[in-house]
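Each remark here refers to the structure printed beneath this line.
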Amino acid sequence: MGYLDKKTLEDVNVNHMKVLVRCDLNVPLKDGQITDTKRVEASLATINYLIKNNAKVILMSHLGRPKGEFNLKYSLKPVRDLLEKILKTNVKLSKDVIGPDTENLVNNMNDGDVVILENLRFHKEEEANDKEFAKKLASFGDIFVNDAFGTAHRAHASTFGITEYIPSVCGTLVKKEIETIGGALENPKRPFVAILGGAKVSDKIGIIKNLINKVDTLIVGGGMAYTFFKAQGHKIGTSICEDDKLELAKELLQKAKDQKVKFLLPVDTVVSNDFKNDSDFKTVKVGESPDDYMGMDIGPETIKIFSQEIKTAGTIIWNGPMGVFEFENFANGTYKIAEAVANSDAISIIGGGDSAAAVNQLGFSNKMTHISTGGGATLTYLEGLELPGIAGLDNKN
Ligand code: AMP
C-alpha cells in the first residue's frame with residue numbers, strides 16, 4: 001500500500017480551474033499569534049504552483065478543536081494574514097464555511113486569486129465525514145487536491161468524502177511523502193534499515209510487525225528496548241518496561257530470526273538514579289544495571305555498532321529517539337544516531353513527531369532526504385494500514 005500510483009498535480013490541467021486544496025494549516029497559536037509558521041510554509045509549494053499555472057486557489061483547513069461550533073478563537077484569520085504577507089497578494093477569508101459568503105467569494109474569483117474557507121471544524125459534519133457536507137465543499141471546485149498529509153489517516157469530509165464528487169489528486173507535499181515513504185516501503189534501496197525508539201513498545205507494535213517483513217535490519221533503542229531486554233531475561237533495574245508485552249517481544253525476536261532480519265538491540269546503556277537531567281548516571285553493559293537505576297540512553301559501544309550499520313544502509317527509516325533526549329545528559333545517543341543518519345549516503349526518512357523534533361533541535365534537518373510532516377499519519381503509513389485521505393485520490397490509470 002505505497003500509493004505510488006496516485007495522480008499528482010502534474011497529471012491534471014489546472015489552467016482556469018477552481019482548485020480546492022485541503023491543506024494542514026493547523027498552526028500553534030498563542031494570544032492570537034502564530035508561534036510556528038512551518039505548516040504554512042510547507043503548503044506554499046502547492047499554492048505557488050497553482051497560482052503560477054492560472055488556477056483559482058481555494059484553500060481549506062482545520063485549526064484546533066472548535067468541536068463543531070463557530071468560535072472565532074479558532075478562526076483561520078491569522079493564517080490568512082500570514083499568507084497575504086508571504087504571497088504578497090490579497091487572500092480572502094470566507095465568513096462561513098459552506099454558506100452564502102463562501103459561495104459569493106468563490107463565484108467571483110479570477111485566475112491566480114486565493115480564497116481560504118473558514119475553519120472546517122466549525123461544522124461537526126467535517127469529522128463525521130458527512131456526505132452532504134462533502135458534496136457542498138466539492139461544489140466549490142473543479143478539482144480537489146489533498147496536501148494535508150498530517151490528517152491523511154482520518155476519513156473526514158474534506159479529506160475523504162469529497163473525493164467521491166470531483167477529480168482528486170495529491171499536492172506537492174503529499175507527493176513527496178508518498179515518493180519517499182511509499183517508495184521505501186515498496187521498493188527500498190537495500191540494505192533497508194529501520195531504527196525504532198521512543199518510550200513504548202505498544203505504540204510501535206504495528207510498525208515492527210509491518211517492517212519486519214520488509215527490512216534487512218531492525219535497530220531498536222530508547223525506552224522500548226527494556227521490554228526486549230527483560231524478555232531476554234536481563235535485569236533492567238527501574239527502567240521503563242511493559243510487562244504485558246514480554247511475550248510479544250519474544251515473538252518479535254523469534255520472527256526476526258526466522259526471517260533472517262538482523263535485530264540489533266543496545267549492548268550498553270546510560271543508567272540514572274532518577275528521571276531528571278542532574279541525576280547520578282553511569283554507563284553499564286546491558287543486564288548490569290543496579291537495581292535502583294533506570295536506562296536513559298544508549299551507551300558508546302551501542303552508538304558505534306548502530307552507526308556502523310547506518311553507514312552501510314541504502315534506505316533508513318527512523319522513528320523514535322534513542323533516549324530521553326529532552327534532558328541534555330541523555331541526548332547523546334539520539335544526537336550521535338542523528339549524526340550518523342545525516343552523514344550516511346542512504347535515503348534517510350525521519351518519521352514525524354518526536355524524531356522530527358529531535359532532528360530539528362539537533363540541527364540535522366537539512367541533511368535528511370525527508371522529514372515527514374505527519375505524526376499519526378506517518379505511523380499509520382509505516383504500519384501498512386490504509387490512509388483514507390490518500391486512498392480516495394484518483395489512480396494514474
Ligand atoms: P515516542 O513518542 O514513543 O516516540 O517516545 C518519545 C519519548 O520517549 C521521548 O519523550 C523520550 O524522552 C522517551 N524515551 C526515550 N528513551 C527513553 C527511556 N530510556 N526511558 C524513558 N523514556 C524514554
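Every number for a ligand or one of its atoms is a count from 1 in the order of the listing.
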### Summary
What one should report as the nearest heavy-atom pair of Asp274 and Met294 is C-CE, 3.9 Å
### Query
Which residues satisfy the side-chain hydrogen bond (donor to acceptor under 3.5 Å, both in side chains) test with Lys214, sequence neighbours excluded?
none
### Message
Tell me every residue that passes side-chain hydrogen bond (donor to acceptor under 3.5 Å, both in side chains) with Lys367, counting only those two or more places apart in sequence or in another chain.
### Response
Asn343
Numbering the atoms of ligand 1 from 1, which are under 4.0 Å from a heavy atom of [X]?
| X | result |
| --- | --- |
| Gly295 | 18 (C), 19 (N), 20 (N) |
| Gly198 | 1 (P), 3 (O), 4 (O), 5 (O), 6 (C), 8 (O) |
| Ile240 | 20 (N), 21 (C) |
| Tyr226 | 19 (N) |
| Gly222 | 16 (N), 19 (N) |

### Query
Given Gly320, Ser202, Gly323, which has its nearest heavy atom closest to atom 15 (C) of ligand 1?
Gly323
### Query
Sub-3.5 Å donor-acceptor pair from the side chain of Asn277 to the main-chain atoms of Asn329, do we have one?
yes
### Query
Is there a donor-acceptor contact under 3.5 Å from the side chain of Asp268 to the main chain of Glu301?
yes
### Message
Is it the case that the side chains of Ser158 and Glu126 hold a donor-acceptor pair, with the cut-off being a distance below 3.5 Å and no angle test?
### Response
yes
### Task
Establish, from distance only, whether the side-chain atoms of Thr46 and Thr172 form a donor-acceptor pair under 3.5 Å.
yes
Any idea which protein heavy atom is nearest [atom], and the distance to it?
| atom | answer |
| --- | --- |
| atom 16 (N) of ligand 1 | Gly223 N, 3.1 Å |
| atom 23 (C) of ligand 1 | Val324 CG2, 3.6 Å |
| atom 6 (C) of ligand 1 | Asp354 OD2, 3.1 Å |

### Task
Would you check whether Ala199 has a nitrogen or oxygen atom less than 3.5 angstrom from a nitrogen or oxygen atom of ligand 1?
yes
### Query
Glu326 to ligand 1: N or O pair under 3.5 Å?
yes
### Message
Classify the ring geometry of Phe149 against Tyr381: parallel below 30°, tilted from 30° to 60°, perpendicular beyond 60°.
### Response
tilted
### Task
May I ask whether Lys204 places a heavy atom under 4.0 Å from ligand 1?
yes
